[in-house]
Amino acid sequence: MIQINRVMKESYQRIWQTVQAIPAGNVASYGQIADLAGLPGRARLVGTALKNSDEGRFQNRAIPWHRVVNSQGKISFPRQSPIYQQQVARLQEEQVIVLNGKVKLR
DNA sequence: GCGTTGACGCGGG
DNA sequence: TCCCGCGCCAACG
């Protein structure tokens with residue numbers, strides 16, 4: 001984790017909880033998460049919060065970060081990166097179709 | 001304190 | 001579709 005003030009920690013917690021609420025097999029955009037977390041226009045903060053989550057968990061519960069993509073439905077990681085491959089693999093396990101780094105809508 | 005980065009989003013060209 | 005620029009703003013050096 002990192003050093004952050006109380007206000008920021010609360011924002012992070014709301015973001016983590018919101019992400020945890022995304023059902024398996026579904027995806028949401030950073031902007032949507034920000035809105036739902038009561039932080040409109042703060043999409044970047046969602047990415048920061050996920051990056052700074054404690055080992056991908058919050059309150060001893062896993063945060064399904066792989067279900068978060070950008071507003072274009074695309075994965076926000078370089079194609080070659082291991083993390084990118086990880087996200088695609090996890091999504092496919094949930095029957096989510098990913099083509100050329102982009103999630104297929106149903 | 002200050003400049004740079006970045007798991008973003010949106011409008012333009 | 002790709003590439004910019006701009007707004008946004010916490011984290012980091």
Side-chain angles (χ1 to χ4, degrees):
Chain A
M1 284 289 284
I2 59 177
Q3 260 306 86
I4 56 178
N5 62 45
R6 186 179 67 68
V7 184
M8 279 314 305
K9 183 161 188 175
E10 289 179 355
S11 294
Y12 280 11
Q13 297 185 333
R14 288 210 299 280
I15 289 171
W16 293 330
Q17 290 173 357
T18 303
V19 174
Q20 289 180 323
I22 305 173
N26 288 72
V27 297
S29 73
Y30 293 90
Q32 282 173 27
I33 298 300
D35 289 345
L36 293 173
L39 299 164
R42 310 285 303 279
R44 293 194 94 114
L45 189 62
V46 175
T48 303
L50 291 178
K51 178 167 57 182
N52 297 331
S53 66
D54 180 38
E55 301 297 304
R57 323 190 119 260
F58 174 54
Q59 289 181 172
N60 200 41
R61 210 161 79 68
I63 298 173
W65 56 270
H66 59 285
R67 295 178 191 147
V68 186
V69 296
N70 67 27
S71 67
Q72 311 313 304
K74 295 195 297 183
I75 291 177
S76 298
F77 288 112
R79 295 291 287 270
Q80 335 76 273
S81 65
I83 186 74
Y84 169 91
Q85 301 294 334
Q86 248 277 311
Q87 185 164 17
V88 173
R90 290 200 183 193
L91 286 173
Q92 298 189 323
E93 284 175 44
E94 303 182 348
Q95 324 308 317
V96 174
I97 311 302
V98 182
L99 285 182
N100 296 314
K102 189 171 180 179
V103 167
K104 263 290 200 181
L105 306 180
R106 287 183 298 150

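Source: prediction; values computed, not measured. In what follows, every chain begins at residue 1, and chains take the letters A, B, ... in the order their sequences are listed.
Rounding to the nearest 0.5 Å places OG of A:S29 at 7.5 Å from CG of A:D35. Rounding to the nearest 0.5 Å places NZ of A:K102 at 9.0 Å from CG of A:N70.
Taking for each of A:K102 and A:T48 the nucleotide of DNA chain C with the nearest heavy atom, the 5'-most of the two is the partner of A:K102. Each of A:Q72 and A:L50 has a nearest nucleotide on DNA chain B; the 5'-most of these lies closest to A:L50.
B:dA7 atom C1' lies 13 Å from atom CD1 of A:I63, rounded to whole Å. For A:N70 and C:dC2, the CG to P distance is 12 Å, given to the nearest whole Å. One can place CH2 of A:W65 at 17 Å from C1' of B:dC8, the figure rounded to the nearest angstrom. Note: OH (A:Y30) to P (C:dA10) measures 19 Å, nearest angstrom. Note: CG (A:L39) to P (C:dC8) measures 16 Å, nearest angstrom. When rounded to the nearest whole Å, the span between CG of A:L91 and P of B:dA7 equals 18 Å. Look at CG on A:N100: it is 12 Å from C1' on C:dT1, rounded to the nearest Å. Going from atom NZ of A:K51 over to atom C1' of C:dC9 covers 13 Å, rounded to whole Å.
Taking 4.0 angstrom as the limit, A:R42 places a side-chain polar atom (N or O) nearer than this to OP1 or OP2 of C:dA10. Put simply, A:Y12 has a side-chain N or O that comes within less than 4.0 Å of OP1 or OP2 on C:dA11.
The nucleotide whose nearest atom lies closest to any side-chain atom of A:S76 is, among C:dA11, B:dA7, B:dC10, B:dA7. Comparing C:dC2, B:dA7, C:dC8 by their nearest atom to the side chain of A:K74 picks out C:dC2. Here the nucleotide nearest the side chain of A:L45, chosen from B:dA7, C:dA10, C:dC8, is C:dA10.
The partner of B:dG1, taking Watson-Crick or G-U wobble pairs whose two distances both stay under 3.5 Å, does not exist in any strand shown.
Using a 30° and 60° split on the angle between ring planes, A:W16 and A:F58 fall in the tilted class, from 30° to 60°.
Using modelled atom types, no side-chain atom of A:R42 and backbone atom of A:A34 make a donor-acceptor pair closer than 3.5 Å.
No contact: A:G41 has no heavy atom under 4.0 Å from any strand.
Contact check for A:T48 versus A:I15: no side-chain heavy atoms found under the 4.5 Å cut-off.
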